[in-house]
There are 2 protein chains.
Amino acid sequence: MSKEPRTKGERTRARILDSAAELFSRSGFNAVSLREIAACAGLTHAGLLHHFPGKEQLLLEVLSRRDETDAAWLFPRILEPAAPEPPPAERLRRVVELVGRNSRTPGLVGLYAKLSAEASGPDHPAHHYFVERYRRLRAELGALLGALFAAADPPVRAEPQAVAVQLLALLDGLQTQWLLEPGAVSMEDSVRDFLGRYGLPVERETARGGRLTG
Amino acid sequence: MSKEPRTKGERTRARILDSAAELFSRSGFNAVSLREIAACAGLTHAGLLHHFPGKEQLLLEVLSRRDETDAAWLFPRILEPAAPEPPPAERLRRVVELVGRNSRTPGLVGLYAKLSAEASGPDHPAHHYFVERYRRLRAELGALLGALFAAADPPVRAEPQAVAVQLLALLDGLQTQWLLEPGAVSMEDSVRDFLGRYGLPVERETARGGRLTG
DNA sequence: GTCTATATCGCGATAGAC
DNA sequence: GTCTATCGCGATATAGAC
């Protein structure tokens, strides 16, 4: 997907992005200094600013890089319109699986939570990024739920777009509670329970090629 | 409930709290300096620090002041154990009404969203405050939902505590989407829809003394 | 093109004068 | 009760060495 770094500059750039992702994930945006990121990548903060115009742009590149990975996995056609599309049930299962996987990377989950809140102001550097992100996710989830509702037996009588909004909100809100007190809620169970209410039971592991014992 | 400020110090304190609430609401915690708050309240930042030991404590007092108002309205017995308790249906209606009211104060909603995310780290000054807040809300909402589920006809077969977690998450997550793009979601409609799915339709206005055309 | 050193700024917080 | 002065810290910007 991404090309191999050839020049020294590109390798440095990649190292900086890795360090930034690591540190942002661990401590959020505001709490991390360019000096720390630079030191982690093996240069000074001024050297870092040679590769990125500022902290904001660095953040956006970190976000985009991560987001593309997940989105491509959940909705392959976003990045590759010709990619083979898994069946709806499999995609829903991946959504739930992603929730479970997030439970193992609290840093990154926290980063997104902090940033999506910080970015509510129209002036925030990541504002447009998050607006687009949510629009896309609502649309994709809505289409996915629509397909599942129609295919269910009996068909589910619910507005897919409205449920998409709720599901997305549930995912975000569960993260808030889970980040504050990890033992207080099970994100994955909550999501399963919610989907079950809408007539969409989700298998615990994938049917084809999945591990049954985690 | 709160006593009138008598001394000059108490009036200054109140002015500081108002200014802090205003500025925190507009820009979050980290983005606002004590100097700004102090200037807004008509003194220097050193003068402000005579009344509050630090920025953290100032934040907590701002939060508590606001939170008490809402909590007392939703669950009167929290602050006044002897207070007359509205029936469960009325309290659920107030929850939904609060959602609608929040739609008119985006600044404060944003502050809570930003802070609850920032506060996920155990070192954050507001961490304990938010952990306790969510514990309390989960418990109160769980009890409320339990009463409503049992009283419904036919009784709703669902785990009140699990639904409380979901409802709380839904409320938070809807705020995230609404803050980013206010026109994209209707928080109140989403909540009504969610509650309806659990067999809990909520009247649009209060039965006793309420305005019907609001 | 890649990076370091240096300078300036604003922050939270403290000490002590008035 | 409020101020001025000051500290140490980290973010950002620029000049110029390699």
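Chain letters run A, B, ... following the sequence lines, proteins first and then strands; every chain starts at 1. Both backbone and side-chain heavy atoms feed into the values below; hydrogens, waters and symmetry mates do not.
Among the nucleotides D/dG1, C/dC3, C/dT14, the one closest to the side chain of A/Thr12 is C/dC3. You'll find that the side chain of B/Ala46 is closest to C/dT14, out of C/dT14, C/dT4, C/dT6.
What separates CG of A/Leu59 from P of D/dT12 is a distance of 12 Å, to the nearest Å. We find that CG of A/Leu49 is positioned 11 Å from C1' of D/dT14, with the value rounded to whole Å. The distance between atom CZ of A/Arg13 and atom C1' of C/dG1, rounded to the nearest whole Å, is 14 Å. When the C1' atom of D/dA13 is taken as reference, atom NZ of A/Lys55 falls 16 Å away, rounded to whole Å. Put simply, CZ on A/Phe52 is 15 Å from C1' on C/dC3, counting in whole angstrom units. Rounded to whole Å, the distance from CG on A/Leu34 to P on D/dT12 is 5 Å. For the pair A/Leu48 CG and C/dT2 C1', the computed distance is 12 Å after rounding to whole Å. Atoms CZ (B/Arg11) and C1' (D/dT2) sit 15 Å apart, rounded to a whole Å.
You'll find a donor-acceptor pair under 3.5 Å spanning the side chain of B/Arg35 and the base of C/dG12, going by distance alone.
A cation-pi arrangement is found for B/Arg101 relative to B/Trp73, the charged atom lying closer than 6.0 Å to the ring centre and inside a 45° cone about the ring normal. Cation-pi geometry between B/Lys114 and B/Phe29 is not satisfied (NZ or CZ under 6.0 Å from the ring centre, within 45° of the ring normal).
Among the heavy atoms of the strands lying under 4.0 Å from B/Leu43 are primed sugar atoms or P, OP1, OP2 only; no base atom is included. Residue A/His45 is classed as a base contact, given a heavy-atom separation below 4.0 Å to a base. Nucleic acid contact for B/Gly54: sugar-phosphate only, since backbone atoms but no base atoms lie under 4.0 Å from a heavy atom of the residue.
Stacking between A/His50 and C/dT2 is absent: the aromatic ring centre is not both under 5.5 angstrom from the base six-membered ring centre and within 30 degrees in plane angle.
Donor-acceptor pairing under 3.5 Å is lacking for the side chains of A/Asn102 and A/Tyr112.
Look at B/Glu90 and B/Arg93 and you find a salt bridge, because one of the NZ, NE, NH1 or NH2 atoms lies within 4.0 Å of a carboxylate O, short of that distance.
Taking all atoms of both residues into account, the shortest heavy-atom contact from B/Met187 to B/Ser103 is CE-OG, 3.5 Å.
Here B/Thr44 does not reach the OP1 or OP2 of D/dT4: none of its side-chain N or O atoms lies under 4.0 Å away. Phosphate proximity of D/dG10 to A/Ser33: absent, as no side-chain N or O sits under 4.0 Å from OP1 or OP2.
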